[in-house]
Amino acid sequence: MKDLSVKTIWREAQGLAGEEVRVQGWVRTIRNSKNFSFMELNDGSFFKNLQVVFDPSLPDYEEIAKSGVGTSVMVEGELVESPAPKQPVELHAGYIKIIGTSPEDYPLQKKRHTFEYLRTIAHLRPRTNTFSAVFRLRHLLAYAFHRFFHEQGFVYVHTPLITGSDCEGAGEMFRVTTLDLGDVPKNEEGRIDFSKDFFGKETNLTVSGQLNVETFCQAFGKVYTFGPAFRAENSNTPRHLSELWMIEPEIAFADLNDDMELAEAMVKDVFGFVLREAPEEMEFFNSFIQKGILEKMEKVVASDFGRITYTEAIQALKAAKKEFQFPVEWGCDLQTEHERFLSEEVFGRPVFVTDYPKEIKAFYMRLNDDEKTVAAMDLLVPGVGELIGGSQREERHDVLLKRIRDMGLNESDYWWYLDLRKYGSTPHAGFGIGFERALMALTGMENIRDVIPFPRVPKNAEF
RNA sequence: UCCUCCGUAGCUCAACGGUAGAGCAACCGGCUGUUAACCGGUUUGUUGCUGGUUCGAGUCCGGCCGGGGGAGCCA
């Protein structure tokens with residue numbers, strides 16, 4: 001008697017007919033006949049179910065035949081070639097043991113549910129077809145990123161989640177404190193006395209690991225982070241989370257061009273890996289979630305990404321016959337409608353937009369020789385939008401210091417970041433990619449809350 | 001945070017200001033190598049909460065809570 005997963009049975013069906021096997025899983029549905037019954041069994045290893053055939057010769061047949069959706073069972077029996085075309089083999093049960101019953105108030109029915117409803121039962125939704133596929137892909141994609149970077153010689157760095165300074169750039173942060181909020185200690189000025197707090201200073205959850213990972217970049221050359229980031233912005237959209245996962249590679253002795261080459265190679269590699277490893281899931285997304293997503297992703301993997309400067313992009317948008325809701329002017333930030341037009345209509349493939357005006361980008365981005373633009377790049381993907389944002393970093397101490405001062409930032413907050421430019425500074429570059437956004441692109445799922453196990457968003461931290 | 005739509009049975013939705021209904025699910029029975037099984041029958045409600053208008057409120061008005069979509073911010 002072999003213990004087999006449903007995945008193994010499907011993938012190795014030809015050689016398994018006649019085998020005595022044991023499978024454990026959860027009942028998706030049972031169809032009863034007078035003389036025998038069919039059970040759809042899913043053990044989480046595979047997108048598809050195993051069809052179990054059982055009849056009244058089994059002890060407890062009545063109880064088993066009546067057991068509800070969600071019941072957990074152990075089935076022993078013989079694998080037999082299936083007479084029906086929908087599955088190569090089926091399991092003829094010789095023994096079925098009910099492990100855990102599932103009463104009739106089980107919230108998941110054998111019918112289609114809305115994603116909104118399933119979000120309210122996030123503890124049960126991984127048992128559904130869609131979320132089974134989503135979260136198996138989430139695992140594969142995470143693995144694909146690590147695999148890619150490892151094979152390219154990168155070192156994975158765990159940057160801190162608690163940060164002691166407010167110098168990570170824009171974005172509201174979550175306060176981290178052990179102070180008694182009902183009785184907060186105050187200093188002479190009547191302000192909160194953070195010297196009494198756990199770390200002796202004001203601390204927050206990180207919004208990005210970039211500044212920290214740059215320090216390791218200047219020691220290991222090629223590094224990346226892959227971890228959570230936290231944004232306390234009151235963003236209520238299908239594309240934002242308060243707790244999200246980001247991947248942020250950083251490479252030394254590299255310029256913006258190297259950065260884009262890395263980004264392009266990475267996107268093609270990780271997406272290509274998932275397409276190869278999860279064909280059943282991708283077929284499901286293509287059929288039921290977003291028609292054409294498979295072809296779109298195959299195109300992303302195969303195409304050469306376009307490249308255009310911000311200045312050229314503005315010219316292209318101005319020359320376009322299309323009427324935009326927001327007018328285009330050099331110096332303005334590109335709106336969603338502009339980004340879509342560029343990637344979907346002008347290029348029809350992923351495109352890097354580079355060299356943005358310095359006023360609309362972060363202080364650490366390298367100032368170009370024109371002194372008006374910085375060496376930044378955004379990757380725009382058709383049907384997805386901005387997937388990656390990155391830049392060459394300012395490696396010149398004096399230029400960086402001037403930028404910090406010009407933007408009204410407190411230079412003492414950046415002492416260690418500036419030190420990197422003092423001791424053996426190198427041209428270097430990096431980018432950030434939102435893990436959930438990448439997963440949305442790959443699956444065609446339209447709400448970011450449906451590609452993370454337990455979404456945290458304003459007004460909701462259930463589960 | 002702003003704009004907008006929504007909240008009715010377990011789920012998806014209907015109901016002109018006149019005492020709440022359908023499909024599916026569930027349950028009972030039947031039938032068939034079934035696979036979103038099929039056929040017949042049965043059960044299901046503090047209409048999100050709260051205050052108001054009215055003879056009468058699921059329906060109209062105010063407040064609150066929650067959800068969807070769009071915008072901004074971004075990943």
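The figures here come from the full heavy-atom set of this structure, side chains too, leaving out hydrogens, waters and symmetry mates. These numbers come from a predicted model, not from an experiment. Below, chain A is the first sequence line, B the second, and so on; all start at residue 1.
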Contact state string [nucleotides 63-70 of chain B, B base, S sugar-phosphate only, - no protein heavy atom under 4.0 Å]:
---SSSSB
Take nucleotides 24-36 of chain B nucleotide by nucleotide from the 5' end and write B, S or -, depending on whether a protein heavy atom sits under 4.0 Å from the base, only from the sugar-phosphate, or from neither.
BSSSS--BBBBBS
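The partner of B/C27 is B/G41, judged by Watson-Crick or G-U wobble contacts that both fall below 3.5 Å. Using Watson-Crick or G-U wobble geometry with both donor-acceptor distances under 3.5 Å, B/U59 finds no partner in any strand shown. Nucleotide B/C74 has no partner under the Watson-Crick or G-U criteria, as no pair reaches both atom distances under 3.5 Å. Remark: B/G7 base-pairs with B/C65. Criterion, Watson-Crick or G-U wobble with two distances under 3.5 Å.
Put simply, the side chain of A/His240 and the base of B/C74 share a donor and an acceptor less than 3.5 Å apart. Judged by atom type and distance alone, A/Ser235 reaches the base of B/C73 through a side-chain donor-acceptor pair under 3.5 Å.
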Side-chain donor-acceptor contacts of residues 69-81 of chain A below 3.5 Å, not counting sequence neighbours, with atom names and distances?
unit_1  : atom_1 : unit_2   : atom_2 : d
A/Thr71 : OG1    : A/Gly68  : N      : 3.4
A/Thr71 : OG1    : A/Gly68  : O      : 2.7
A/Ser72 : OG     : A/Gly100 : N      : 2.9
A/Ser72 : OG     : A/Gly100 : O      : 3.4
A/Glu76 : OE2    : A/Arg22  : NH1    : 2.8

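Taking the ring axis of A/Tyr61 as reference, the NZ or CZ atom of A/Lys66 does not stay both within 45° of it and closer than 6.0 Å to the ring centre.
Remark: C1' of B/G72 and CD of A/Glu337 are 13 Å apart, rounded to the nearest angstrom. Following rounding to the nearest Å, A/Ile360 (CD1) and B/C73 (P) show an atom-to-atom distance of 10 Å. The CE-P distance, from A/Met173 to B/C74, rounds to 15 Å in whole Å. A straight line from CZ of A/Phe115 to P of B/U12 spans 13 Å, rounded to a whole angstrom. When the P atom of B/C73 is taken as reference, atom NZ of A/Lys361 falls 11 Å away, rounded to whole Å. Counting to the nearest Å, the C1' atom of B/C74 and the CD atom of A/Gln210 are 14 Å from each other.
Within the 4.0 angstrom heavy-atom criterion, base atoms lie near A/Ile448. Within the 4.0 angstrom heavy-atom criterion, no nucleotide atom of any strand lies near A/Asp105.
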Evaluate side chain to side chain contact (heavy atoms under 4.5 Å, CB included) for A/Ile308 paired with A/Thr354, printing each intermediate quantity in order.
CA-CA 6 Å; A/Ile308 187 173; A/Thr354 63; over 6 Å; no
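Checked against the 6.0 Å centroid threshold, A/Phe148 and A/Phe154 do not count as a close aromatic pair.
In summary, the side chains of A/Asp55 and A/Asn35 do not present any donor paired with an acceptor at a separation below 3.5 Å, with no hydrogens or angles considered.
With a 6.0 Å radius and a threshold of 12 heavy atoms from other residues, nucleotides or ligands, A/Phe288 has its CZ atom at or below the threshold.
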